[in-house]
Structure formats: structure tokens, C-alpha cells
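Numbering starts at 1 and runs along the sequence shown. We count ligands from 1, going down the list as the structure has it; atoms in each ligand are counted the same way. Reckoned from all heavy atoms, side chains included, excluding hydrogens, waters and symmetry mates.
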Amino acid sequence: MSGNRTFTMIKPDGVAAGNIGAILHKINEAGFRIVAMKLTKLSEEKAGAFYEVHKARSFYGELVSFMSSGPIVAAILEKENAVADFRELIGATNPAEAKPGTIRALYAKSIGENAVHGSDSDENAAIEAAFHFAGTELF
Ligand code: CMP
């Protein structure tokens with residue numbers, strides 16, 4: 001059975017472009033409930049740890065440097081079938097391939113600066129949510 005929570009970040013490009021409100025509006029409109037949220041900034045060390053799974057990839061250095069370049073919004077979202085439905089809402093990793101109307105089609109600049117992150121499995125959603133919100137009250 002699929003879970004009912006996923007984890008997201010509005011990435012530094014989305015925050016810097018003034019798109020926090022628009023992106024949260026799309027998220028609420030799609031039926032997700034925000035159960036935890038914060039504006040924060042990742043150190044290089046924390047960004048590196050969050051994306052540890054991509055350590056061997058050629059883009060890892062670029063990814064870590066970008067994700068620690070400015071503030072982000074981290075949030076835990078709740079909805080039935082949350083992980084899959086959220087990935088549908090945000091669209092493909094590469095905005096050039098994202099379906100029209102998806103968050104990345106609307107707001108992402110490139111595969112690296114792609115406006116939002118969404119967990120890719122229930123297991124990773126739980127790990128990523130705990131990474132940012134361990135000990136925080138969920139609503
Ligand atoms: P995200 O869903 O946050 O998970 C891993 C991130 O790595 C992904 O979004 C992209 O932003 C980034 N990424 C994936 N492929 C590339 C690439 N070829 N070049 C740069 N960044 C990438």
C-alpha cells in the first residue's frame with residue numbers, strides 16, 4: 001500500500017525567483033496538506049549528506065553547491081498516494097521534458113535548477129522528512 005506523506009523542497013532558484021507563494025498555491029490546489037514547513041538554508045555539508053545517494057554522479061558537486069547557495073523551503077506534505085501524485089504534479093526532472101502545467105514546466109530553469117524536489121519513494125520520503133524535521137511537531 002502506498003503511503004500518504006511525501007517530502008519536498010522549494011530549491012534556491014524557486015525561492016530567489018519569488019515563486020514560493022505560487023508553488024505552494026499549486027501544491028494546495030492539488031489537494032496536499034502541509035503538515036510541517038520551514039524556510040532554511042543548507043550548509044554544503046548538509047546538502048552533501050541529503051544527496052549522498054548521488055555522490056558518484058558527475059553532477060554531485062554542482063548539485064551540492066547549488067542546493068547550499070541560498071534559502072530553501074522544506075516541507076512535509078500529506079495526501080493519499082502522496083509520493084506518486086506529487087511527482088506527477090512537479091513533472092519530469094528536466095523541465096524541458098516536464099508536462100505543461102507541472103511545477104517544473106512553469107518554474108524550473110534547467111535540470112540542475114529545477115525549482116522543487118520531491119521524494120521518489122515512501123522509504124525516501126520518511127528518511128528525507130526525518131532529515132529536516134526530526135523532533136518537530138507535525139500538524
Ligand atoms: P532532485 O529531484 O532534487 O534529485 C536529484 C537532483 O539532481 C535532481 O533533482 C536534479 O536537480 C539534479 N540532477 C539530476 N540530473 C542532473 C544533471 N544531469 N545535471 C545536474 N543536476 C542534475
Side-chain angles (χ1 to χ4, degrees):
M1 200 181 90
S2 55
N4 67 347
R5 282 189 183 154
T6 191
F7 171 79
T8 187
M9 292 182 287
I10 301 176
K11 298 188 179 186
D13 60 313
V15 173
N19 290 329
I20 294 175
I23 292 172
L24 291 178
H25 181 64
K26 292 280 289 178
I27 289 172
N28 279 144
E29 205 176 42
F32 291 88
R33 212 168 64 74
I34 296 165
V35 301
M37 185 165 69
K38 66 181 169 189
L39 181 67
T40 186
K41 187 169 181 292
L42 294 171
S43 62
E44 279 208 22
E45 193 187 6
K46 275 210 125 190
F50 184 88
Y51 282 113
E52 179 89 40
V53 62
H54 296 301
K55 200 162 187 164
R57 311 289 285 275
S58 59
F59 56 82
Y60 179 73
E62 193 185 319
L63 176 62
V64 169
S65 148
F66 169 62
M67 286 303 296
S68 56
S69 68
I72 61 158
V73 173
I76 301 174
L77 307 174
E78 196 170 84
K79 181 184 184 294
E80 231 175 80
N81 201 33
V83 166
D85 285 4
F86 192 69
R87 287 176 74 81
E88 187 70 30
L89 176 67
I90 65 180
T93 306
N94 183 350
E97 292 162 12
K99 283 188 200 152
T102 59
I103 290 175
R104 283 172 171 156
L106 289 166
Y107 302 114
K109 295 178 193 161
S110 64
I111 193 165
E113 303 197 10
N114 63 355
V116 282
H117 167 81
S119 305
D120 63 4
S121 66
D122 289 343
E123 189 191 1
N124 283 336
I127 292 169
E128 293 171 1
F131 185 95
H132 284 271
F133 292 104
T136 304
E137 187 179 5
L138 304 184
F139 298 95

Where on [X] is there a heavy atom closer than 4.0 Å to ligand 1, on the side chain, on the backbone, on both, or on neither?
X      : result
Arg57  : neither
Asn114 : side chain
Lys11  : side chain

Looking only at protein heavy atoms, identify the closest one to [atom] and say how far it is in Å.
atom                    : value
atom 6 (C) of ligand 1  : Leu63 CD1, 3.8 Å
atom 4 (O) of ligand 1  : Tyr51 CE2, 3.6 Å
atom 18 (N) of ligand 1 : Phe59 CD2, 3.8 Å
atom 11 (O) of ligand 1 : Ile111 O, 2.9 Å

For the side chain of [X] and the backbone of [Y], is there at least one donor-acceptor N/O pair under 3.5 Å apart?
X      : Y      : answer
Tyr60  : Gly48  : yes
Asp13  : Ala115 : yes
Asn124 : Ser119 : no

* Asked: Does Val64 belong to the same Ile/Leu/Val/Met/Phe/Trp/Tyr cluster as Met9, with side-chain heavy atoms less than 4.5 Å apart forming each link?
  ->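 Shared cluster, yes.
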* Pull out every atom of ligand 1 sitting under 4.0 Å from any heavy atom of Arg104, numbered as shown with elements. =>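 Numbered from 1, ligand 1 contributes 2 (O).
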* Going by the atom numbers of ligand 1, which of them fall below 4.0 Å from some non-hydrogen atom of His54? ->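 Once the distances to His54 are compared, the set is 5 (C).
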* Phe131 ring centre to Lys46 NZ or CZ under 6.0 Å, with the angle to the axis within 45°? ->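 The answer is yes; both the distance and angle limits are met.
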* Does ligand 1 have an atom that lies less than 4.0 angstrom from a heavy atom of Phe66? ->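 The answer is no: ligand 1 sits nowhere under 4.0 Å from a heavy atom of Phe66.
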* Is the shortest distance from a heavy atom of Arg87 to ligand 1 less than 4.0 Å? ->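 In this structure, Arg87 fails to qualify as a contact of ligand 1 - no heavy atom is under 4.0 Å.
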* To do: Would you check if Leu24 and Met37 make a side-chain contact, meaning some heavy-atom pair closer than 4.5 Å?
  =>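 SC-SC contact between Leu24 and Met37 confirmed.
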* To do: Give a yes or no on whether the ring-centroid distance for Phe32 and Phe86 is below 6.0 angstrom.
  =>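 They qualify: ring centres under 6.0 Å apart.
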* **Donor-acceptor side-chain pairing of Lys11 and Asn114 below 3.5 angstrom** =>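 The answer is yes; a qualifying pair exists.
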